[in-house]
Amino acid sequence: MQLEDLQSLTQQALSEIEAAPSADALENLRVQYLGRKGKLPEIMASLKDVAPEDRPAFGQGANAFKVQVTSAIQSRKDDLLSTATPADALDVTLPGNAGQPGSLHPIHQILARVINIFDRIGFNVATGPDVDTVFNNFDALNTPADHPSRDEQDTFYLKDGSLLRTQTSPIQIRHMLNNPPPVRIIAPGRAYRRDTPDATHSATFHQVEGLYVAEKVSMADLKGDLTYFAHEIVGKNTQVRFRPHFFPFTEPSVEVDFTCHVCKGKGCRVCKNSGWIEILGAGMVDPQVFENVGYNPETTSGYAFGMGLERIAMIMLEIDDIRRLYENDARFLRQFA
Ligand code: DAH
């Protein structure tokens, strides 16, 4: 090796070191140029082959090679370290820590759909307080103190004689007491009963009440509107069945079943093989109820209905236990978000 070779080798080493992409690559270069079997020992060994008059210059060149390569490696190492990520560095490419967006509770999702459907056929939302009077909850609804259906709905009474409403039907009474006919309302709310909690019962639950009062409302309106509701909430092919029933505040009264949305009426586990699912209670408003709120039963007629929201949510969303709706376990609720 001659002096020129040494000089170009030095340049090559320095530019390779400066371009080293990583600490590993840099270490390889260190071994290649300064290591025991590397270029530096080779340079030293070739000193003896250099003409005697050139040796001082070659010696200086060899020394410069060692010093410059050593310091270039050190400075490249510092560079690489300063661009590497320290343990506590902010990594802007990591997914953010944003809060989880909330969503409507399944009960309220179903409620929103129910309200939306009735809104389209002219129903307004009405509400009332959870604590109501015995008159609004029972007496005005044609359920006097000795009526057996009061036992069924035995409830929580407050010291002043008021009660936690057992149904949303008292909202009908409040609304009629405060507004002349015609009336077309949909009234959601909580209801309370002294019930032992199990997979299908809860002492607190939700209902939606409907009331349509005008001059000539008939059973045909009731059937038409509830069939429209069935088609909108479950699907166009749903069939609706009206079974005679009894409620103190309607005459005649019906229970309304929809064909099972899972088996389409064929019979399955969900509908206990009947093909039908009971969805709500309804009927023509009893003339006595009109008397109780000061409406003229000769000139007014109307229909009313009431349905349990939990029941509909559980059927539509295939929830097996009513208690899951109140535990507020985010893992459960997220499935419906
Ligand atoms: N209030 C009834 C209940 O809780 C449901 C109901 C049935 C409401 C018939 C009505 C109706 O308005 O007409 O079981």
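Just so you know, ligand 1 is whichever comes first in the structure, and atom 1 is the first atom listed for that ligand. What you are looking at is a predicted structure, and each value in this text was computed from that prediction instead of being measured.
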Open item on the list: Enumerate the salt bridge (Lys or Arg N to Asp or Glu O under 4.0 Å) contacts for residues 162-190, please, sequence neighbours excluded, ordered by first and then second residue.
Closed with: D130-R165, D130-R190, D132-R174

- [ ] Enumerate the residue pairs fulfilling salt bridge (Lys or Arg N to Asp or Glu O under 4.0 Å) with a member in residues 222-232, sequence neighbours excluded, ordered by first and then second residue.
- [x] R120-E232, E232-K236

Task: Y303 ring center near Y212 ring center (under 6.0 Å) - done: yes

Task: Pocket residues of ligand 1, ordered first by chain and then by residue number (heavy-atom cut-off under 4.0 Å) - done: Q167, S169, Q172, R193, Q207, E209, F247, F249, T250, G281, A282, G283, A304, F305, G306

Task: Residue pairs fulfilling side chain to side chain donor-acceptor pair (under 3.5 Å) with at least one residue in residues 16-25, sequence neighbours excluded - done: Q12-E16, E16-Y33

Open item on the list: For a ring pair (Phe, Tyr, Trp, His ring centres under 6.0 Å) check, start with the C-alpha distance between H245 and F247, then their side-chain angles and the critical distance, and finish with the verdict.
Closed with: CA-CA 7 Å; H245 198 72; F247 295 105; 5.0 Å; yes

Task: Whether over 12 other heavy atoms sit under 6.0 Å from R55 CZ - done: yes

